[in-house]
Amino acid sequence: MPKAKGKNRRRKFGYNVNRKRLNRQSRKRAAPRIECSHIRRAWDGTKSVSQNLAEMGLAADPNKAIPIRKRQLPVMEMEVDGQDKGKRVVKKPYVLDELEYEASLPEKKSETLSRDLLDYVQYMVRNHGENYKAMACDEKNFYQDTPKQIKRKISVYKRFYPEEFQAFIASLQQVKMDQQ
């Protein structure tokens, strides 16, 4: 049985195809990658970006949303048939409400300190108290921190974990009382 004629032939480059337009069309066809879940749920694939955002009460172009006013003499504006041209109807106000609510929530503290740093600071405070020069000369000071750098690390620990630091200091004082 003979082979198909076109299959065996080498593929040739299509010089008459506009690659830029092809890429643009394929990107347009692909669904927009929207990170915000509120906007993604309200998105209508049949409408353009500016139409979707206008329905949600959001601006596609921030420069057009809040224009920079040029210094001019005040001009009297007349209303035509009682309609304002600049007003748009927001059909999906719940998106804007959800975004405002999410923005008003307090931000969670996501910064933490490493366990090594916590152990290092506790060791230094336990053995040397407030003597930063002695801490700098300690054999556990592997990174050869200066007294000022050690003081800064301790202050960071105090700022990040104030309750834990107070409990640690109280336990140190309790140990000192028991030893005396």
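Both backbone and side-chain heavy atoms feed into the values below; hydrogens, waters and symmetry mates do not. Residue numbers count from 1 along this sequence.
- Separation of atoms CD1 (Ile150) and NZ (Lys148) is listed at 13.5 Å; rounding is to 0.5 Å.
- Looking at heavy atoms from C-beta onward, Phe168 lies in side-chain contact with Leu172 at the 4.5 angstrom threshold.
- The shortest side-chain heavy-atom distance between Ile39 and Asn52 does not fall under the 4.5 Å cut-off.
- Between the side chains of Tyr120 and Asp116, no donor-acceptor pair of N or O atoms lies under 3.5 Å.
- Checked against ring-ring contact (aromatic ring centres under 6.0 Å, His included), Phe13 has the following partners two or more places apart in sequence or in another chain: Tyr15.
- Counting heavy-atom neighbours within 6.0 Å of Ile66 CD1, excluding the residue itself, gives a total of 12 or less.
- Tyr132 has its side chain out of reach of Met124: every pair of non-hydrogen atoms, C-beta onward, lies at least 4.5 Å apart.
- Taking CD from Gln25 and CG from Asn23, the interatomic distance works out to 9.5 Å, rounded to the nearest 0.5 Å.
- For Thr146 against Ala136, the heavy-atom pair with the smallest separation is C-CB, 4.4 Å.
- For the pair Leu96 and Val90, the minimum side-chain heavy-atom distance is 4.5 Å or more.
- Here the CD atom belonging to Gln149 is positioned 13.5 Å from the NZ atom belonging to Lys151, to the nearest 0.5 angstrom.
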Handout entry: Audit row: Leu58, Leu99, side-chain contact (heavy atoms from CB on, under 4.5 Å) steps and yes/no
Key = CA-CA 10 Å; Leu58 302 171; Leu99 289 173; 4.2 Å; yes
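- The CG atom of Leu53 lies 12.0 Å from the NZ atom of Lys47; values are rounded to the nearest 0.5 Å.
- The side-chain hydrogen bond (donor to acceptor under 3.5 Å, both in side chains) pairs that include a residue from residues 154-173 are Gln122-Tyr157, Tyr157-Glu164, where partners are two or more places apart or lie in different chains.
- Through direct or relayed side-chain contacts under 4.5 Å between Ile, Leu, Val, Met, Phe, Trp and Tyr, Phe142 connects to no other residue.
- Between atom CE of residue Met56 and atom CG of residue Asp44 there is a gap of 8.5 Å, rounded to the nearest 0.5 Å.
- Closest approach of Lys140 and Asp138 over heavy atoms only: N-OD1, 2.7 Å.
- Cluster annotation: Tyr143 and Val121 are assigned to distinct hydrophobic clusters (Ile/Leu/Val/Met/Phe/Trp/Tyr, side-chain heavy-atom contacts under 4.5 Å, transitive).
- Between Lys64 atom NZ and Ser50 atom OG the span is 9.0 Å, to the nearest 0.5 Å.
- Counting heavy atoms from C-beta on, the side chains of Lys153 and Met135 never come closer than 4.5 Å.
- Within 6.0 Å of CZ in Arg21 there are 12 or fewer heavy atoms belonging to other residues, nucleotides or ligands.
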